[in-house]
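This report refers to the structure that appears directly beneath it.
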Amino acid sequence: MDEIIRVEGISKTFTLSKKQQKIERTNLRRKVAVDNLTFTANRGEIFGLLGPNGAGKTTTLRMLATLIKPDSGDALLNGYSVVNQPEEVRGQIGFLTSELKLEDFFTPNYLFDFFAKLHGVDSEVATRRKKTLFERFGIDKFAEVKVQNLSTGMKQKASIVISLVHDPDIIIFDEPTNGLDVLTARTVTDYLTELRDAGKTIILSTHIFSLVEKLCDRVGVIIDGRLTHCDTLSAVCDGMTLEDRFFEIYKSLKGGEE
Amino acid sequence: MKSNIWTIVRKEFARFFGDKAMVFTTILMPGLLIYLIYSVMGENIGNKNKMDADHPATVYVENMPESVAPLFDSLPLHVVTSGFDFNTLYVDSLKDKECNLICVNFPKDFDLMVKAYDPKSGLPAPNVRIYYNSLSANSKIAFEAVRTLLDGWESSFCNRFNVNAQIPGSEESFDVATSDDVLGDILSQLIPMLLLTLMFSGCMAVAPASIAGEKERGTIATLLVTPMSRHELAIGKILSLSTFALLSGLSSFLGIILSLPKLTQADESVNLGVKLSYGMGDYVMLLVVLLSTVLVMISIISIISAYAKSVKAAGTMVMPLMIVIMFVGLIPMFGGGTATFSTLYMIPFYNSVQCMSGVFAYEPSLSHVIITVASNLCYTALAVYVLARMFNSERMMFDK
């Protein structure tokens, strides 16, 4: 197997403000979001990080996308270190999350060209890629409509297309189907399979069991910032459905507390 | 590196100039509004001090003395000396705001009383009562005219000496300052503060929206996952925002300069009709100083905006800076001329004010301008570094 992502013992601790302490119902000043996480992902596979809300999935993905720095540990993406070579890492990845927004004022067409330039994509290549991607996601008809006038679904599709402007080898996708309508969700999951078949590596985070079962080749179960299991889907499931297996793991760790 | 900065600048320009409302409210409107308001103000003030030529005021004189009667004939006013009832006029007409008259009441036997009066006696001098209505321009102007006339007449029979009297035919000038110098002095006190505050409001119109706004809307994160370096983003933002701020400030400035003649026509003692004798070099220096100042302003406001969680918060946080800048702008009005110590020209904003003040006072110093621009560029570079660090900081960019 051709290993493309190697995560080595990354940890992240956040300092909680008074307000956050109240929300989290804790008196602790510090919260360990990600605790010494280690896993690898191979070229041409979809790796899923499965866990409940607040388990540390998004923090992990943000560290891989170099938006935040790990307190300790490192991750190598296509050989580049997120700690020491963040700019190179960003050239290797497409990062998708509902938190990354497009400027309302511009059209998908303009934004695609703009981000293509920032990624250093040759303009001819960019034009060709734009045509293919816009057609694939049905944005071609809305290419000249300002983002503010697009429907929510179309906005999300435009975000996805623009994050793929540089044809990255690694796609990091935080909660891929969250907030998407059923049609867009289907387009996205189909496209992720296509990307995998084209040899791309996809890391996604989710709390939806069916999505993992449908898409992922390998899965890491993350609870309270720790990776409890990490293997192929069938090995993790161990003959059970993923949902049953997950709650078994969860109960064994938390002693039945909900 | 260069191409990424250029890409950011181009996007910011497309964003700014593509939005007609934005261009109108930040560039066209300030200048236009200032020009219109000042022009209308100047026009109105001017009219207040002018007699309505078609309807000159009527001067009703009671007990007109023989000695001053010929003087009244020289007034460009309609003078009535008989056939009216003084009390009726006073009560009914003069109290009416629209009245177009004054009433002059000489004591009976005024000429005799004046002749008999001895200033050394300590007794009150004969008194002429002139009733007028200051709310009516015509009445007020007529009052001034009659009073000047009587004052002149009084001094004509007890004249002992004159001050600065012009000998007919000579063009002797007693004030050695040329009108250029006087104008330069006024401008060097006023314009730096005006320019500084106008530039500042230009910066306020664009910087928080572009940086805190992008943060608030989550669009800056999209930029931060591209391989572009944070420095490129910081430089691109500062350069483009400075351009918009400069345009906005210059528009307001142009509005003021163009409306000045109209505003000052009201007050003839300020003669702005004289030609400004600043050369090309002066204007270039001014522009360079201004540009470097805007860079510093935009840099500081950008850093504050990157720290703020929303555009609104950024607006509040910038207020103390605005107060400081306005205060620094006032310094030339305290007098004392421009600073001579070169090191003082390293203090941001103060250096710009002093340089501008020097240029307007016809005492430009190239070395001071160079120190000012160089230190302002250093501050901007420092700010780029800080801003890039902030763009890189998860706490600044992602903390809610």
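The chains referred to below are lettered A, B, ... by the order of the sequence lines, with proteins before strands, and numbering in each begins at 1.
Heavy atoms of F114(A) lying under 4.5 Å from chain B belong to its backbone as well as its side chain. Heavy atoms of L223(B) lying under 4.5 Å from chain A belong to its backbone as well as its side chain.
Looking only at heavy-atom pairs under 4.5 Å with chain A, the residue among M228(B), K11(B), R230(B), R10(B) that has the most is K11(B). Among E88(A), Q92(A), H119(A), K117(A), the residue with the largest count of heavy-atom pairs under 4.5 Å with chain B is H119(A).
In terms of the side chain to side chain donor-acceptor pair (under 3.5 Å) criterion, residue partners of K131(A) (sequence neighbours excluded) are, by chain and number, E135(A).
Between N4(B) and T7(B), the side chains place no donor N or O within less than 3.5 Å of an acceptor N or O (distance only, hydrogens not considered).
T26(B) and F16(B) make their closest contact through OG1-CZ, 3.1 Å (heavy atoms, listed as atom of the first residue, atom of the second, distance).
Sorted by first then second residue, the side-chain hydrogen bond (donor to acceptor under 3.5 Å, both in side chains) pairs that include residues 372-383 of chain B, not counting sequence neighbours, are S292(B)-N376(B), N351(B)-N376(B).
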